[in-house]
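One structure below.
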Amino acid sequence: MYTKIQKWGNSHAIRIPKYILDSTNLRENDQVEIDVETDRIIIKRTKNKYMTLKERLAGYSGDYKCGEWDTGKPEGREVW
C-alpha cells in the first residue's frame, strides 16, 4: 500500500487505513510511541499513561489513615 505525507497545521501526517489499525488492535486516541530506525518509522502501542481508579486501588493495602495538617496562620481576610 502507498500513501502520501501531507501537511496538517504546522506538522505532517500519514493516514492509517482502518484495516491496518484493526489488524494491530489500535484504536482512535490510543497512545503510541514513535521511534526512528535508520530509514524506518516504528509505531508501538504504549501502556495508558493514566491508571483507572480500579488499577490505582488494586495496590491499596488499607493501612492509610487520613488526618489534618496545619497550613499556617491566615493570610489576608480569611475567616477561620
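Source: prediction; values computed, not measured. Throughout, residue positions are numbered sequentially from 1 according to the sequence presented.
With sequence neighbours excluded, the residues satisfying side-chain contact (heavy atoms from CB on, under 4.5 Å) with Asp63 are Ser61. With sequence neighbours left out, the side-chain contact (heavy atoms from CB on, under 4.5 Å) criterion links Leu57 to Leu53. For Asp35, the side-chain hydrogen bond (donor to acceptor under 3.5 Å, both in side chains) partners at least two apart in sequence or on another chain are Lys44. Take Leu26 and apply the side-chain contact (heavy atoms from CB on, under 4.5 Å) test, not counting sequence neighbours, and it matches Leu21, Thr24, Asp30, Val32, Arg45. Take Ser23 and apply the side-chain contact (heavy atoms from CB on, under 4.5 Å) test, not counting sequence neighbours, and it matches no residue.
The line from CD1 of Ile14 to CD1 of Ile43 is 7.0 Å long, rounded to the nearest 0.5 Å. We find the OG1-CD distance between Thr46 and Glu33 to be 7.5 Å, quoted to the nearest 0.5 Å.
By the neighbour-count criterion of 12 heavy atoms within 6.0 Å, atom CD1 of Ile42 is densely surrounded, having more than that number from other residues, nucleotides or ligands. For CD of Glu37, the number of neighbouring non-hydrogen atoms (other residues, nucleotides, ligands) closer than 6.0 Å is 12 at most. Shown here is Arg40, whose CZ atom has no more than 12 heavy atoms of other residues, nucleotides or ligands within 6.0 Å.
Tyr2 and Ile5 end up in different hydrophobic clusters when Ile, Leu, Val, Met, Phe, Trp and Tyr side chains are linked at under 4.5 Å.
The side-chain hydrogen bond (donor to acceptor under 3.5 Å, both in side chains) contacts involving residues 4-22 comprise Lys18-Asp22, where partners must be two or more places apart or lie in separate chains.
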